[in-house]
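Heads up: numbering here begins at 1 and tracks the sequence. As the structure is a prediction and not an experimental result, all values here were calculated from the model. Just so you know, ligand 1 is whichever comes first in the structure, and atom 1 is the first atom listed for that ligand.
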Amino acid sequence: MSALLEVRHATQRFAGLLAVDDVSFTLTPGEILGLIGPNGAGKTTLISIISGTLAATNGQVLFLGERIDGLPAFRRARLGIGRTFQIMRPFPGMSVLDNVAVGALFRRAGGRAGLAQAREQARACLDFVGMGRHADQRADELGGPGRKRLELAKALAMQPKVLLCDEVMAGLNHVEIDEVIDLLRKVRDQGIGLLVIEHVIKAIKSLSDRLLVLHHGQKIAEGAPDAVLSDPVVVEAYLGKRRT
Ligand SMILES: Nc1ncnc2c1ncn2[C@@H]1O[C@H](COP(=O)(O)OP(=O)(O)OP(=O)(O)O)[C@@H](O)[C@H]1O
Ligand SMILES: [Mg+2]
């Protein structure tokens, strides 16, 4: 299958630090690629290079075969690159529903959809992530798990073709993690390609078709989850230091 997203030689230098160092990979429609690695490995930076919130020092990002690395973040979002944020930032003072409606409106800019239609779409996204009953609550009153789901609903309201998820399971209990895994599979079933950053190894192993491991900004392994997780290089760099 042809690549939905292709990253070529992505490199990000922050002063003396190579946060992402010559990373290349592809993502196909309906594929879930897990992105793992120790704290500071460059995972979030890689997502920011793809979504355009960072202008990479070097490398190319192609979406459906076209270069998008010269485009600002909002144009990439409109093309279909969606992301969630590790540090969640709901619009405070606004309802959960309107937080999601902002995404729907943004996507529709240039079209004719009004606020009512955006809210309708937002409601469908909230139902999809299991947050329908919180629609009228203020977004900043949500607890951690609710905010994670809100992040997903906001991203989905923009009707992405690629969804970049930055630790959407962090801080969740086992039941909540399983629910989010089911949710991400349902997203995948729509043909969306997912790049999912996650520290919970059990979860990312069961969810991912492939895994990519970053360490000090470099790709140290990529492939089938079982093979990658038993790779001595990965065990030494990451797994050995943590409980799996
Ligand atoms: N805007 C920035 N300016 C300078 N250094 C940065 C910036 N953003 C990230 N870094 C550094 O780049 C490296 C990679 O950071 P990044 O946030 O991508 O790691 P990560 O793999 O997402 O880690 P975590 O698992 O803790 O979220 C770190 O050393 C970090 O301190
Ligand atoms: Mg991160």
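- Between Leu71 and Phe63 the shortest side-chain heavy-atom distance does not fall below 4.5 Å.
- With sequence neighbours excluded, no residue forms a side-chain hydrogen bond (donor to acceptor under 3.5 Å, both in side chains) with Gln12.
- Looking at residues two or more places apart in sequence or on another chain, you find no side-chain hydrogen bond (donor to acceptor under 3.5 Å, both in side chains) involving His216.
- Checking Leu183, Leu150, Val187 one by one against Val129, the side-chain contact (heavy atoms from CB on, under 4.5 Å) holds for a single residue, Leu183.
- A donor-acceptor pair shorter than 3.5 Å cannot be found between the side chains of Gln60 and Asp69.
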Between ligand 1 and the protein, tabulate every N or O atom pair separated by less than 3.5 Å, reporting distance only.
unit_1   : atom_1 : unit_2 : atom_2 : d
ligand 1 : 18 (O) : Thr44  : N      : 3.4
ligand 1 : 18 (O) : Thr45  : N      : 2.9
ligand 1 : 18 (O) : Thr45  : OG1    : 2.6
ligand 1 : 19 (O) : Gly42  : N      : 3.4
ligand 1 : 21 (O) : Ala41  : N      : 3.1
ligand 1 : 21 (O) : Gly42  : N      : 3.0
ligand 1 : 21 (O) : Lys43  : N      : 2.9
ligand 1 : 21 (O) : Lys43  : NZ     : 2.8
ligand 1 : 22 (O) : Thr44  : N      : 2.9
ligand 1 : 22 (O) : Thr44  : OG1    : 2.9
ligand 1 : 23 (O) : Gly40  : N      : 2.8
ligand 1 : 25 (O) : Asn39  : ND2    : 3.2
ligand 1 : 25 (O) : Lys43  : NZ     : 2.7
ligand 1 : 25 (O) : His199 : NE2    : 3.0
ligand 1 : 26 (O) : Asn39  : ND2    : 2.9
ligand 1 : 27 (O) : Gln86  : OE1    : 3.1
ligand 1 : 27 (O) : Gln86  : NE2    : 2.9

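- Taking OG1 of Thr45 as the reference point, atom CG of Asp21 lies at 12.5 Å (rounded to 0.5 Å).
- In the hydrophobic cluster analysis, where Ile, Leu, Val, Met, Phe, Trp and Tyr join through side-chain heavy atoms closer than 4.5 angstrom, Leu212 is grouped apart from Val228.
- Side-chain contact annotation: Ser51 with Arg83, donor-acceptor N/O pair under 3.5 Å present.
- Taking CD1 of Ile36 as the reference point, atom CG of Leu239 lies at 6.0 Å (rounded to 0.5 Å).
- For the Mg ion (ligand 2), protein N, O or S atoms under 2.8 Å: 2 in total.
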